[in-house]
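Contents: one structure, followed by commentary.
Order of the sequence lines fixes the chain letters, A, B, ..., with proteins taken first and strands second; residue numbering starts at 1 for each chain. Fair warning: this is a prediction, and the values are worked out from it, not measured in the lab.
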Number of protein chains: 2
Amino acid sequence: MESIPFDVMDPACPSRVVLQRIGDKWTPLIVQALKDGPLRFSELRVAVGGITPKVLTQTLRALERDGLVLRKVFAEVPVRVEYRLTPLGESLLDPLNAVREWAESHADKILAARDAFDAATD
Amino acid sequence: MESIPFDVMDPACPSRVVLQRIGDKWTPLIVQALKDGPLRFSELRVAVGGITPKVLTQTLRALERDGLVLRKVFAEVPVRVEYRLTPLGESLLDPLNAVREWAESHADKILAARDAFDAATD
DNA sequence: AGTACTTGGTATCTTTTGGATACTCTGACG
DNA sequence: CGTCAGAGTATCCAAAAGATACCAAGTACT
């Protein structure tokens, strides 16, 4: 077992690019929305509240290109398109969950800090 | 212990705001750069490769406001400013590490998927 | 007295990204 | 023929990020 040759602190390292893809605004939400199985475009739109179709398309295309999500078109009418996680995408669920749980369980403390700060800066 | 009242999937939920702060482009890198103790502005600039001073300032101010980072000015000459993690900021290290390790250990797979995709889309 | 040096930033301008909203395309169906 | 559903595009505007240059305080040097 050798050491990891990637270092996110190096701006020239590919892992930096990867980190910024998975740490973008919508990726974590989309990946987690797909955790229980495939969803269609319109279902994703609802599951991930607040995303516009343009940005959803952009993000899904990026996830597809990076091998995290699979897009499958069914020749029905009206056309049906399903998005599902690849195994690589599923492997991202655990780390993402850790962050999400932190966000949900510490949100109150952050909001409190923000209020205190804003009150002090009057 | 009751269940968590926050849900990142809800665009109106405060945890969504929190998630997007900690999942922004530079926050994870800055927080991890501070994991071994305080750093000065200029040290952070080097530790987090590629960040411009403007964005570093903006991000640090946001982290300070949210109670994740503490800014301390020493009345020396030239002035010295130290940034350190608060306990709340330290609690973020574990989840962030999980994501970073994923990024570093799966970067090669993502790059491969990208190459394959781009080759297919010729 | 003038001036250079260090640190920790701002100011300004340009480019990129994100968001709102309206529209398109396809093929059944009434 | 007009309408409907699903999956997006197109267009335009606002917000954020990036590059680069500059500024302020104070001491030390000449």
Note to self: Do Asp118(B) and Arg65(A) have side chains that approach each other closer than 4.5 Å (heavy atoms only, starting at C-beta)?
What the structure shows: yes
Note to self: Tell me which pairs pass salt bridge (Lys or Arg N to Asp or Glu O under 4.0 Å) where either residue lies in residues 68-87 of chain B, with sequence neighbours left out.
What the structure shows: Glu76(B)-Arg80(B), Arg80(B)-Glu82(B), Glu82(B)-Arg84(B)
Note to self: Going by side-chain contact (heavy atoms from CB on, under 4.5 Å), name the residues that satisfy it together with Leu88(B), two or more places apart in sequence or in a different chain.
What the structure shows: Trp102(A), His106(A), Lys109(A), Ile110(A), Leu68(B), Thr86(B), Ser91(B)
Next item on the list: Could you list the residues that satisfy side-chain contact (heavy atoms from CB on, under 4.5 Å) with Thr57(B), not counting sequence neighbours?
Entry: Phe41(B), Arg61(B)
Next item on the list: Would you mind listing every salt bridge (Lys or Arg N to Asp or Glu O under 4.0 Å) that reaches into residues 8-34 of chain A, with sequence neighbours excluded?
Entry: Arg21(A)-Asp66(A)
Next item on the list: Go through the structure and list residues passing side-chain contact (heavy atoms from CB on, under 4.5 Å) with Val55(B), not counting sequence neighbours.
Entry: Trp26(B), Ile51(B), Thr52(B), Gln58(B), Thr59(B)
Check: Heavy-atom contacts under 4.0 Å between residues 28-41 of chain B and DNA chain D, which residues?
Finding: none
Next item on the list: Would you check if Leu63(B) and Leu85(B) make a side-chain contact, meaning some heavy-atom pair closer than 4.5 Å?
Entry: no
Notebook entry, point to check: What's the spacing between Gln32(B) CD and Leu96(B) CG if we round to 0.5 Å?
Noted result: 5.0 Å
Check: Are Val99(B) and Val99(A) close enough that some pair of their side-chain heavy atoms sits under 4.5 Å apart?
Finding: yes
Next item on the list: Within residues 60-75 of chain A, find the residues that approach DNA chain D with a heavy atom at under 4.0 Å, and present them sorted by residue number.
Entry: Arg61(A), Arg71(A)
List every contact pair, protein side and nucleotides 18-27 of chain D side both N or O, where the distance is under 3.5 Å.
| residue | atom | partner | partner atom | Å |
| --- | --- | --- | --- | --- |
| dG18(D) | OP1 | Lys25(B) | NZ | 2.5 |
| dG18(D) | OP2 | Trp26(B) | NE1 | 3.0 |
| dG18(D) | N7 | Lys54(B) | NZ | 3.1 |
| dG18(D) | O6 | Lys54(B) | NZ | 2.7 |

Next item on the list: Measure the NZ-CD1 distance between Lys35(A) and Ile30(A) for me, rounded to the nearest 0.5 Å.
Entry: 15.0 Å
Checklist line | Range on DNA chain C touched by chain A - first to last nucleotide, heavy-atom distance under 4.0 Å | finding: dG18(C) to dA28(C)
Margin query: I'd like to know if the side chain of Glu104(A) and the backbone of Ser15(B) have a donor-acceptor N/O pair within less than 3.5 Å.
Written below: no
Next item on the list: Nearest whole angstrom, please: distance from the P of dA17(D) to the CG of Leu56(B).
Entry: 13 Å
Next item on the list: For Gln20(A), enumerate each residue passing the side chain to side chain donor-acceptor pair (under 3.5 Å) test, keeping only those at least two apart in sequence or located in another chain.
Entry: none
Note to self: With a 4.5 Å cut-off on side-chain heavy atoms, are Leu34(B) and Leu44(B) touching?
What the structure shows: yes
Notebook entry, point to check: Are any non-hydrogen side-chain atoms of Arg100(B) and Asn97(B) less than 4.5 angstrom apart?
Noted result: yes
Notebook entry, point to check: If you find the nucleotide of DNA chain C closest to Asp24(A) and the one closest to Tyr83(B), which residue's nucleotide is nearer the 5' end?
Noted result: Tyr83(B)
Check: Quantified as the angle between the terminal helix axes (five pairs each), what is the overall bend of the helix from dA1(C)-dT30(D) to dG30(C)-dC1(D) to 10 degrees?
Finding: 30°
Next item on the list: Kindly write out the residues that satisfy side-chain contact (heavy atoms from CB on, under 4.5 Å) with Ala113(A), not counting sequence neighbours, or none if the list is empty.
Entry: none
